[in-house]
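First the structure, in the form of structure tokens, and then the observations on it.
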Amino acid sequence: MTDRAFLQQQADSPRRERGTRVRRRRVRAAWLFLAPMLVVLAAVAGWPLVRTFWFSMTDASLSSLEGGQFIGLENYLVYDNGWYGIMADPMWWQSVWNTLYFTLVSVSLEAVLGVIVALVLNAHFRGRTLVRAAMLIPWAIPTVVSAKIWAWMLNDQFGIINHMLLGLGLIDAPLSWTADASLSMWAVIIVDVWKATPFVALLVLAALQMLPSDCYEAAKVDGIHPVRVFFRVTLPLIMPALLVAIIFRALDALRVFDVIYVLTSNAASTMTMSIYARQQLVEFQDVGYGSAASTLLFMIIALITVVYLYIGRRQLGGGS
Amino acid sequence: ADLTISCGAVGAELQLCQAGVARWEAQSGHSVEVVSTPNSATERLSLYQQILGAQSSDIDVLQIDVVWPGMLAPHLVDLNQYLPTNATQDFFQSIVDNNTVDGRLVAMPWFTDAGVLYYRKDLLDKYGLEVPATWQQLTEAARTVQAGEREAGNSGFWGYVFQGRAYEGLTVNALEWIASYPEGGTIVNDQGDITIDNPQAAQALTLAASWINDISPQGVLNYTEEEARGVFQSGNALFMRNWPYAWDLVQSEQSDIRDNVGVVALPAGGENGQSAAVLGGWNLAVSRYSEHPQLAAELVAFLTSPEEQKRRAIDGSYNPTLPALYQDEEVLAAVPFFGTLYNTFTSAIPRPSAVTGDKYPRVSNAFFNTVHEVLSGNTEAQQGLDGLQSELRRIKGRGW
Amino acid sequence: MTLRTLKGIVLKIGFWLLVAVLMVYAIFPFYYALVTSLKPSSELFQVSYWVDSVDFSNYATVLSQPTFLAAIRNSVIVAVSVVLIALLLGLTAAWALGRVRFRGRTTVMMIVLGVSMFPQVAVLSGLFEVIRTLDLYNSPGGLILSYTIFTLPFTVWILTTFMRQLPDELEEAAIVDGASPWVTLTKVFMPLLWPAMATTGLLAFIAAWNEFLFALTFTLTDSQRTVPVAIALISGGSQYELPWGPIMAASVIVTVPLVVLVVIFQRRIVSGLTAGAVKG
Amino acid sequence: MAGVKLERVNKRFGSTRVIDDVSMAIGDGEFVVFVGPSGCGKSTLLRLIAGLESITNGDLLIDEQRVNNLTPQERGIGMVFQSYALYPHMSVYQNIAFGLKLAKTDKQTVDERVRQTARILQLDGLLERLPKALSGGQRQRVAIGRAMAREPKILLFDEPLSNLDAALRVQTRNEIAGLHKRLGSTMIYVTHDQVEAMTLADRIVVLNAGHVEQIGTPQELYERPASRFVAGFIGSPRMNFIHVEARTGNDRGCRINVPGVGERDLPQQLPADAVGERLELGVRPEHLHLTPAAQGEGVEVVNVEYLGSEAYLYLQMADGELLVCRTEAPSRFERGERVTLDFDADKVHLFDGEGRALPVADAARRSDRHSEQAPT
Amino acid sequence: MAGVKLERVNKRFGSTRVIDDVSMAIGDGEFVVFVGPSGCGKSTLLRLIAGLESITNGDLLIDEQRVNNLTPQERGIGMVFQSYALYPHMSVYQNIAFGLKLAKTDKQTVDERVRQTARILQLDGLLERLPKALSGGQRQRVAIGRAMAREPKILLFDEPLSNLDAALRVQTRNEIAGLHKRLGSTMIYVTHDQVEAMTLADRIVVLNAGHVEQIGTPQELYERPASRFVAGFIGSPRMNFIHVEARTGNDRGCRINVPGVGERDLPQQLPADAVGERLELGVRPEHLHLTPAAQGEGVEVVNVEYLGSEAYLYLQMADGELLVCRTEAPSRFERGERVTLDFDADKVHLFDGEGRALPVADAARRSDRHSEQAPT
Ligand SMILES: Nc1ncnc2c1ncn2[C@@H]1O[C@H](COP(=O)(O)OP(=O)(O)OP(=O)(O)O)[C@@H](O)[C@H]1O
Ligand SMILES: Nc1ncnc2c1ncn2[C@@H]1O[C@H](COP(=O)(O)OP(=O)(O)OP(=O)(O)O)[C@@H](O)[C@H]1O
Ligand SMILES: [Mg+2]
Ligand SMILES: [Mg+2]
């Protein structure tokens with residue numbers, strides 16, 4: 001700040017000031033420090049999102065982005081001797097349903113398994129560090145790689161899973177996990193659960209480690225059964241962390257792309273919203289239509305997040 | 001590198017391309033980088049669309065499918081400007097026509113393709129069976145041999161493998177089934193009418209659906225060419241539908257079934273049907289964004305030259321696009337069925353890409369998804385076709 | 001007494017059984033990938049649970065492919081750059097968000113959070129355009145830029161939480177000492193935030209290393225691809241086999257560094273996530 | 001040279017007024033302690049002086065100069081924080097030198113200044129250590145060293161001892177007292193521990209809910225608290241308060257009735273119109289005299305706390321109030337005994353309905369009159 | 001009925017011996033306090049009694065029954081933790097009710113018990129609140145309530161007041177004392193605050209590095225500490241220690257030379273062969289007598305701390321040691337004055353080279369002999 005400005009400031013408000021110079025300088029510095037991040041986010045997120053909204057109302061195609069004509073909401077829904085647009089596309093609704101189903105099942109499984117794993121990792125036993133590190137491995141493996149590995153393990157002819165199941169006598173003929181429409185969703189879920197459970201477990205573990213240990217001693221002194229302690233004390237206390245983990249995971253699951261892309265490609269039985277949108281966008285070059293699908297996906301995720309957070313807060317608030 | 005070329009990603013195809021390119025490099029003194037692209041044609045198309053949409057000069061020469069010229073034409077140079085005027089005179093005229101968009105020659109035919117049926121001579125002999133002429137016969141034979149082989153201890157043996165994953169290959173396979181019936185059905189006819197909801201199609205799909213878990217493993221629903229070949233070549237299948245390229249591989253030294261393989265035209269749909277092979281094949285095009293279009297065109301000319309095509313026919317059993325080569329002794333010695341199946345290759349039926357234009361990927365997608373559903377047993381053929389009919393109508397909208 | 005000890009033993013056995021099951025569940029796929037990758041191609045199609053004879057031919061195949069090596073190089077370049085950029089921008093932003101009260105702070109926080117839940121597909125076409133405009137298409141630069149969309153929000157989020165945990169008095173001491181915000185950040189806070197930065201950096205590294213969709217969409221040629229795409233697109237390394245062996249070898253190659261990193265940093269990661277998620 | 005003057009200083013956070021019209025003058029070289037209950041605004045006031053918070057209203061003068069808009073550094077302030085706020089990654093040397101370096105002092109001067117500071121604080125041998133390798137008391141000294149190094153005109157302390165254990169607290173308290181004597185710089189010190197306040201301060205400022213209750217020397221505050229609040233706050237155990245009734249009163253003294261004790265004459269001036277009002281009598285525990293009483297008379301001893309050197313007796317008054325009486329140990333009385341109580345009339349305090357102390361009539365008691373009354 | 005007896009109890013963590021051969025007997029209804037410096041094993045010993053840690057060696061008897069292998073619940077123990085350990089997500093009611101296993105069978109009994117407990121602890125109005133909506137003192141009471149609700153035979157407290165501020169601490173201390181009187185149950189209480197220990201305990205156990213230094217009533221510990229450790233630990237300000245030399249000694253008394261004071265006769269027995277040895281003289285601050293000395297003589301008053309009711313004088317001895325002297329306030333002496341010091345011969349303590357107190361020869365001093373000596 002120049003001296004002029006400083007004096008000006010003093011003259012303006014001799015008695016009431018909005019902040020010391022230190023404070024004003026800090027606020028200025030804060031915006032300065034935020035600027036690079038905001039610029040980058042605007043470039044990689046803000047502008048693209050605006051463009052996506054815009055494209056969703058044009059008939060632009062991949063090879064001529066600028067050539068698109070404004071067509072209003074026709075990509076979403078239009079009546080022209082029959083309903084057209086995404087909303088009228090049964091495949092879209094199929095992919096919405098698939099996505100929700102996938103999210104619900106995989107996230108529930110991950111939550112339950114994650115809590116179990118976290119409880120084990122939180123116990124004191126010899127070799128705990130080793131086990132902890134081992135449990136993190138699925139998380140560290142790139143999704144594409146894990147999908148490939150599982151695709152190999154689930155291979156109908158040479159896969160070890162079928163081999164095991166046959167060996168155990170659980171099935172009499174090899175299952176074609178990735179091809180059979182009734183199994184492929186489960187194959188995808190199995191892989192996702194395997195990959196994401198460590199993440200949930202990590203968050204829950206972190207919460208477990210922050211639990212007041214003397215609450216447990218108090219319960220021990222009171223002679224309360226460990227199972228009861230788990231449900232009455234541990235679970236309510238890790239609930240916030242678990243909810244956070246679940247929302248993180250749910251957001252990821254709603255956007256799921258790469259596991260499915262590698263494992264079952266564009267098959268209808270595992271078509272999710274992201275796959276659908278990308279197919280329209282890239283494979284069918286229909287940027288307008290694909291953008292409309294992306295926009296819907298974004299709105300659905302935002303909606304679910306808001307609802308979830310609202311319910312979550314209400315529940316937490318009500319419980320307390 | 002002076003130039004970049006993308007040619008096939010499948011093992012042998014890539015190596016052949018590299019060899020050809022290497023020869024050109026030696027001859028011309030220029031260096032060329034060969035980039036590999038995804039195995040699946042759908043994936044490859046989207047990559048090309050991105051490349052070209054980005055006006056990127058990263059790839060100069062592209063290997064494009066016969067169904068793509070219409071779609072990609074705006075991004076490709078007119079080869080007539082760079083090649084001698086008579087450059088196309090020795091090629092199959094139908095393919096040259098296919099590659100000419102609005103009077104611009106956007107690609108040179110490189111190799112043509114049509115689906116053929118591979119079979120195990122030894123096994124048919126063993127069970128005293130004829131080479132099947134209809135799909136029904138194929139089904140019977142497959143059933144018999146499969147049962148016999150399983151009995152004999154090969155529990156992983158299957159009768160028939162094909163390309164059943166939900167991708168372009170399934171469109172091709174299914175079209176072959178449908179078109180092989182009398183008055184063969186089409187998806188969209190030349191006038192652009194949606195014709196898929198026809199009885200031949202329903203019949204063909206119903207039969208195909210019956211194969212799954214009977215003579216074909218359920219996994220076939222996730223097979224592309226290479227997976228099918230993997231099963232066939234390891235001796236685990238009696239019949240395989242594939243492109244001619246597989247010939248060279250199944251006849252290679254490391255192959256378990258070398259010399260036990262025969263190739264015939266695909267079966268017909270019933271007594272009155274006719275064998276129908278879908279036209280495949282690939283062409284070489286030069287990107288409009290190439291920095292050295294002249295040089296690239298020269299590479300294209302070299303790769304599509306008779307010498308090069310002959311070499312590819314002999315080394316990789318790739319179908320030449322030059323009629324003359326089908327009479328070449330050396331070629332016929334290497335790939336006997338080039339002679340016997342010449343008609344199949346010349347009369348292969350095209351996919352409806354010309355009439356549907358930009359919307360072909362959607363049409364194909366809708367089609368193979370429906371077929372996939374039917375094969376998976378999720379819908380009855382007729383019901384699926386009904387759905388497809390309206391789906392296609394939806395895609396067509398106000399016109400192709 | 002005996003009943004009690006018996007119960008204890010049963011509980012103990014049950015616990016170790018559970019641990020064993022979880023261990024197998026967690027590491028078997030990776031182990032199996034390792035086993036597969038060490039099998040010669042001829043044995044590939046026979047299911048076996050361990051390697052009888054170690055065969056490195058798959059590794060040789062993969063590593064002799066220049067495209068795969070290029071992919072590894074690209075992945076390293078991209079991931080490291082992403083980490084550095086995310087940390088730099090994240091740190092400055094975290095200082096502003098974590099330590100200064102100003103109007104609009106909550107809005108910025110909400111924006112950051114909002115960005116982190118963007119579906120990648122939703123910005124695909126717009127981002128494609130941005131990248132084309134900036135002439136970053138089919139180059140690591142494009143990936144580096146686009147990866148900030150998911151690394152930056154959580155970097156900012158976690159670092160902000162850590163930044164908040166630093167005592168106010170420390171900063172006030174610096175103010176009394178006459179330090180400017182930049183000096184405070186670099187000389188006082190940054191040395192203290194190393195653990196947090198290590199955690200965040202690792203998470204960003206993993207995210208960038210594993211990313212697939214953008215890498216698939218924004219690169220085209222083999223020389224610019226990253227590892228996940230390269231693996232997804234690996235096809236027959238040689239003519240006569242399904243490429244499972246090389247794919248598994250490649251998978252093992254790209255996974256091992258991450259596994260090592262995660263094992264080394266596992267404790268940090270836990271605390272990092274705690275700070276970032278649970279309290280945040 | 002470094003007097004500090006506050007003129008009707010106010011601080012609001014949003015709509016809550018945290019500092020309320022505070023005025024005071026602190027002389028050069030004075031050691032002033034701010035005390036008050038938690039949340040009364042001690043830290044805020046200190047931070048206003050330091051420049052870490054902005055003054056909403058009013059003027060702050062250092063050396064007769066208005067400094068409202070200057071940064072802490074420009075004000076010539078050094079500050080010692082409750083948690084020391086040492087830079088954990090810097091050695092003791094670096095910690096002390098940091099502020100000097102930022103001021104662009106040349107290297108040699110920095111080095112000299114750091115070593116000199118270290119010598120004064122007996123930190124010579126520790127210069128290369130990191131804070132975590134120091135004991136609590138040593139950290140405390142480093143924090144002071146850091147604040148001193150730039151030779152500030154004023155040193156501020158915000159509860160610098162509250163993280164130390166009891167023994168170390170006593171020791172460090174003595175060190176700070178010694179330091180003040182040696183340096184002679186103005187020091188302002190915040191604490192909520194009244195022992196610290198009493199033992200360290202030249203003058204104590206008692207704050208209550210953002211305003212100044214009383215400013216004075218420790219002895220003034222103890223012996224002549226201006227209000228019931230100060231009387232109750234200073235001294236441990238706390239002063240006993242007994243509700244009494246004024247019988248007569250004028251400007252030479254008054255007579256009051258103490259329940260359970262009887263009528264007593266006190267030297268406090270009482271306006272005649274206040275006669276009959278309920279007043280409060282304040283008696284410190286050591287000024288209560290107990291004599292054994294017959295059964296059924298006097299008050300009951302309900303608890304005896306033995307502390308070695310002395311004992312506290314808790315007496316249950318008729319109205320349920322507990323009185324504390326400090327006696328020699330072991331106590332002459334036991335739990336359950338009954339006692340009669342009395343007090344020295346010239347050692348007690350009288351507070352009116354608003355809690356203000358009534359002035360003492362004659363100048364018989366000690367006569368230093370420097371005590372400043374808060375404006376309120 | 002609920003006496004606790006420890007017989008040569010040992011506890012090792014790995015190879016570190018944390019509790020070292022501790023024996024003691026705690027009577028039914030007694031209030032015993034464990035004190036000692038941080039890390040001396042107080043909490044560990046309490047947790048051994050509670051059953052939260054296993055005893056490595058030795059026997060623990062409750063009501064004459066060996067309970068080493070019983071769970072805390074089976075031992076009939078209730079425990080109040082330092083951080084209260086309230087279940088943060090449960091209301092006060094639920095917190096208190098949670099431990100009552102009757103839940104399944106008889107809701108009404110639980111309800112009655114909770115309400116009764118709440119009544120005793122004056123928590124009636126707070127039953128629906130969550131812990132975070134309670135003040136420190138209220139939380140403290142909930143924690144006690146939870147421990148009490150199961151009507152345990154023995155109540156254990158681990159530093160229950162250390163999270164409270166000074167004023168609340170005094171109040172809650174009184175409440176606990178009252179509670180003990182009303183309930184009459186055996187209570188074992190850990191603290192490191194000696195005021196708490198002195199005021200609450202029937203008997204105090206002083207622990208040092210895992211072993212018992214002395215067990216006795218507060219008065220015994222203060223007046224007849226068995227060791228230099230206990231003497232230094234109990235009393236505030238701390239006892240002064242002066243190095244002295246024994247001149248003569250026998251079983252009726254001894255003569256010592258105190259530097260700066262001269263030779264004095266003390267009633268402590270001293271074996272003749274210990275003459276000439278260096279001993280330590282312990283004098284409590286209130287037992288030092290000061291008289292003005294001429295310039296250049298005596299010792300210097302280096303600091304005077306005024307505390308209102310009393311003052312502490314700090315005297316600098318020739319050998320650099322500081323002595324503290326407690327006097328009336330305001331002090332007769334000022335900083336810088338010189339004083340001669342003396343002490344009551346019958347109020348001082350003598351410690352031998354190993355820190356053991358030398359026994360007093362005659363029974364002239366008070367004669368209660370209940371004090372138990374630690375086995376060491
Ligand atoms: N930044 C702030 N915003 C709003 N209120 C504040 C802020 N800082 C302090 N306060 C309020 O101002 C009042 C005085 O706070 P201050 O920290 O000065 O108290 P204190 O006397 O130092 O107390 P303590 O002895 O507990 O440190 C408190 O009621 C506090 O809640
Ligand atoms: N689980 C444990 N493993 C190893 N050592 C321990 C364990 N628990 C306590 N100790 C050690 O035992 C000693 C006694 O610890 P304890 O907690 O009983 O001390 P304390 O007297 O309660 O101290 P404080 O007053 O600080 O609470 C300490 O040296 C401590 O380090
Ligand atoms: Mg404060
Ligand atoms: Mg303890």
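Here is the naming used below: chain letters follow the sequence lines, and residue numbers restart at 1 for every chain.
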Just checking [X]: does its [atom1] atom have more than 12 heavy atoms from other residues, nucleotides or ligands closer to it than 6.0 angstrom?
X: A:Phe125; atom1: CZ; answer: yes
X: A:Trp31; atom1: CH2; answer: yes
X: E:His192; atom1: NE2; answer: no
X: E:Glu74; atom1: CD; answer: yes
X: A:Arg126; atom1: CZ; answer: no

Task: Side chain, backbone, both or neither of E:Phe81 within contact of chain A (heavy atoms, under 4.5 Å) - done: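 Contact with chain A is through the side chain of E:Phe81 alone.
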Open item on the list: Less than 4.5 Å to any heavy atom of chain A: does that hold for the side chain of E:Leu156, its backbone, both, or neither?
Closed with: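 Interface part for E:Leu156: neither.
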Open item on the list: Between A:Arg232 and E:Tyr87, is the side-chain contact (heavy atoms from CB on, under 4.5 Å) condition met? List the steps.
Closed with: CA-CA 9 Å; A:Arg232 294 290 307 280; E:Tyr87 306 117; over 6 Å; no
Open item on the list: If you define the side chain from C-beta out and look only at heavy atoms, does anything of A:Cys215 sit under 4.5 Å from E:Pro88?
Closed with: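 Sidechains of E:Pro88 and A:Cys215: in contact.
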TODO: Run the numbers on A:Val221 and E:Arg150 for side-chain contact (heavy atoms from CB on, under 4.5 Å), then give the verdict.
DONE: CA-CA 11 Å; A:Val221 170; E:Arg150 279 190 304 108; 4.0 Å; yes
TODO: Go through the steps for E:Met79 and A:Glu217 under the test side-chain contact (heavy atoms from CB on, under 4.5 Å), then give the verdict.
DONE: CA-CA 9 Å; E:Met79 184 153 174; A:Glu217 298 204 323; 5.6 Å; no
TODO: Would you please go through residues 34-52 of chain E and name the residues with a non-hydrogen atom below 4.5 Å from one of chain A, in numerical order?
DONE: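 From residues 34-52 of chain E, the residues near chain A are E:Arg47, E:Leu52.
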Task: From E:Thr71 atom OG1 to A:Asp222 atom CG, the distance as rounded to the nearest 0.5 Å - done: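 Nearest 0.5 Å value for the OG1-CG distance: 11.0 Å.
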Could you list the donor-acceptor pairs under 3.5 angstrom formed by side chains in residues 108-118 of chain A, with sequence neighbours left out?
residue, atom, partner, partner atom, Å
A:Ser108, OG, A:Leu104, O, 2.4
A:Glu110, OE1, A:Arg249, NE, 2.7

Task: Residue pair E:His89, A:Val233: steps toward the side-chain contact (heavy atoms from CB on, under 4.5 Å) verdict - done: CA-CA 8 Å; E:His89 57 295; A:Val233 180; 4.2 Å; yes
